[in-house]
Amino acid sequence: MISYKCPNCSAEMVVHSSGDLVCPYCGTKENFSDAELAEYKKFRIHMLEYLKACSDADPDPDKTDRMWDRAEQLKLKSKDGEEVVVSYLYKTKNGQVSSYFTRYNVIYHFPADFRNHTDINNTAELHGNLTSKAIAGLGKLNFPQADLKHLEKCFPQYSGTIVLSDGGMLLVFNKPEEFYPLELFGALEKEHVAWIISRLENICCVLEYSGICHGDICPDTICINPRTHEAMLFGAWWAVTDKKTSLLPSPNTDLVAIRKTARMILGYEAGQQSGSFEKFLKDKPTCDAYKDFENWDKVIEDAFGGRRFTKMNY
């Protein structure tokens, strides 16, 4: 997997729809060198071939295995002395925490010297505290009794933790095989961005119903299944906040993040057009997710003539 560091803040840079490298945290922009551009294009070709094979109604196992043969490996050692091998297609880093997207899991690596804003000094106690917070964050999710959309599938399942020999820790969530990080798909046509927005609006309605704010919705924390048009929300579940007691500047932070995410993955600048779809992306969200979803439903009718399944072509 290819990664690029921001020269200003050292965060992981992403490829914007304009073709530039952009830091999602400080906004710094960089251009590819010829060598970097060639390497990136080569990787993207392999990635798109893999995703195309996976989106077929009856995927060829040889084709779907081919990409994983190119996966990078991280080798670590557990506290018990066992070798831990993480084979991943995509890696991102948020602060001190590295995220690895494997075939069946999303794994968060907390280094031995990781510290957060708590007064916990013992590394093992701190990691255990974060694990408990992640489990508690997911445990705060509530679903309507008539959950006809089976929205629980939009959220990860805690799998376990591995304490490392150097004092670090791996926090592991389950991920279905056919779900891939949204960031890997690059710029998308607005018909595809639309169904991703729909899934994220569904997810935000669950968060609203549960009275919590996720606070980490972005292309690096969203996984999608391009064949079935499903989405899952990963990210810093240990940092989930209750809306009533949240210190965040706005109670609709997650709804703002949906619009920012959509603009990042859209294949053109939203400001270049003035339709209802682009207006939705530029306007401020409503005060709650339910009303925001109602407004989005109107955009679906006005901009796309209603809901219809559009297969993703690569």
Side-chain angles (χ1 to χ4, degrees), residues 11 14 24-27 92-97 99 106 108 110 114 116-118 120 126 129-144 147 149-158 171 173 175 179 181-183 193 196-224 230-265 280-297:
V14 300
Y25 300 101
C26 70
T92 186
K93 192 170 184 178
N94 187 351
Q96 301 172 73
V97 183
S99 310
V106 176
Y108 297 90
F110 297 92
F114 175 79
N116 66 358
H117 299 295
T118 69
I120 298 175
L126 174 58
N129 182 55
L130 289 169
T131 301
S132 298
K133 283 186 174 181
I135 297 172
L138 286 166
K140 291 178 180 179
L141 292 171
N142 287 309
F143 302 92
D147 182 13
K149 296 180 182 292
H150 304 292
L151 292 173
E152 72 276 1
K153 296 191 300 181
C154 297
F155 301 93
Q157 295 293 320
Y158 168 71
L171 175 62
F173 291 120
K175 176 188 73 65
F179 281 75
L182 178 57
E183 183 59 43
V193 176
I196 292 169
I197 291 174
S198 292
R199 300 293 84 76
L200 295 179
E201 287 280 347
N202 288 147
I203 286 172
C204 280
C205 284
V206 173
L207 297 175
E208 188 80 49
Y209 187 79
S210 305
I212 59 177
C213 178
H214 183 267
D216 194 23
I217 297 177
C218 64
D220 281 338
T221 61
I222 300 162
C223 283
I224 65 170
E230 296 174 284
M232 294 183 70
L233 178 59
F234 289 89
W237 280 97
W238 54 88
V240 165
T241 56
D242 292 324
K243 281 202 165 186
K244 291 183 179 179
T245 59
S246 176
L247 298 178
L248 292 170
S250 170
N252 56 11
T253 299
D254 292 332
L255 299 176
V256 172
I258 288 180
R259 288 156 170 80
K260 182 177 179 179
T261 295
R263 292 195 300 269
M264 289 176 69
I265 64 175
F280 178 87
L281 298 186
K282 291 181 288 185
D283 285 352
K284 292 182 179 180
T286 59
C287 59
D288 65 65
Y290 310 131
K291 181 62 177 177
D292 206 60
F293 189 78
E294 287 182 20
N295 290 347
W296 173 244
D297 259 348

Mind checking the CD-SG spacing from Glu294 to Cys205? Nearest 0.5 Å is all I need.
9.0 Å
For Val97, does its backbone N or O pair with a side-chain atom of Asn94 as donor and acceptor, under 3.5 Å?
no
Say you draw a straight line from CG of Leu207 to CG of Asp288; how long is it, rounded to the nearest 0.5 Å?
12.5 Å
For the residue pair Val193 and Ala262, what are the closest heavy atoms and their distance?
CG1-CB, 3.8 Å
Atom OG of Ser99 and atom NZ of Lys93: how far apart are they, to the nearest 0.5 Å?
10.5 Å
Distance (rounded to the nearest 0.5 Å) between Ser210 OG and Leu138 CG
10.5 Å
Can Asp242 and Lys140 be said to form a side chain to side chain contact (heavy atoms under 4.5 Å, CB included), step by step?
CA-CA 9 Å; Asp242 292 324; Lys140 291 178 180 179; 3.4 Å; yes
Would you please classify the geometry between the Trp296 ring and the Phe280 ring as parallel, tilted or perpendicular, with 30° and 60° separating the classes?
tilted
Is any side-chain heavy atom of Ile224 closer than 4.5 Å to a side-chain heavy atom of Phe179?
no
Indicate yes or no: at least one non-hydrogen side-chain atom of Val240 is less than 4.5 angstrom from one of Trp238.
no
Would Ile217 and Cys204 count as a side chain to side chain contact (heavy atoms under 4.5 Å, CB included) if you check the C-alpha gap in whole Å, the side-chain angles of each, and the deciding distance to 0.1 Å?
CA-CA 10 Å; Ile217 297 177; Cys204 280; 4.0 Å; yes
Heavy-atom side-chain proximity of Ile135 to Trp237 below 4.5 angstrom:
no
Does the side chain of Glu201 come within less than 4.5 Å of Asp292's, by heavy atoms?
yes
Using the salt bridge (charged side-chain N to carboxylate O under 4.0 Å, His left out) rule, take Arg259 and Asp283 through it: C-alpha gap first, then chi angles, then the decisive distance, then the call.
CA-CA 9 Å; Arg259 288 156 170 80; Asp283 285 352; over 6 Å; no
Ring-plane angle category for Phe234 and Phe173, please: parallel below 30°, perpendicular beyond 60°, tilted otherwise.
tilted
For Ile258, which of Asn252, Ile203, Ile197 qualifies under side-chain contact (heavy atoms from CB on, under 4.5 Å)?
Ile197
Could you tell me whether the side chain of Thr221 reaches within less than 4.5 Å of the side chain of Leu182, counting heavy atoms only?
no
Are Ile212 and Thr241 side-chain neighbours, meaning at least one heavy-atom pair lies under 4.5 Å?
no
Are Val256 and Pro285 side-chain neighbours, meaning at least one heavy-atom pair lies under 4.5 Å?
yes
Out of curiosity, Cys154 SG to Phe143 CZ, how far, rounded to the nearest 0.5 Å?
8.0 Å
Does the pair Glu230/Lys153 count as a salt bridge with the N-to-O cut at 4.0 Å?
yes
Looking at every non-hydrogen atom in both residues, tell me the closest pair between Cys218 and Thr261 and how far apart they are.
CA-OG1, 3.4 Å
Could you tell me whether the side chain of Leu130 reaches within less than 4.5 Å of the side chain of Leu171, counting heavy atoms only?
no
Could you walk me through whether Asp254 and Lys243 pass salt bridge (charged side-chain N to carboxylate O under 4.0 Å, His left out), step by step?
CA-CA 11 Å; Asp254 292 332; Lys243 281 202 165 186; over 6 Å; no
Could you walk me through whether Leu233 and His214 pass the side chain to side chain contact (heavy atoms under 4.5 Å, CB included) test, one step at a time?
CA-CA 9 Å; Leu233 178 59; His214 183 267; 3.6 Å; yes
Quick one, Tyr290 with Glu208, criterion side chain to side chain contact (heavy atoms under 4.5 Å, CB included). Give me CA distance, side-chain angles, the key distance, then yes/no.
CA-CA 8 Å; Tyr290 310 131; Glu208 188 80 49; 3.7 Å; yes
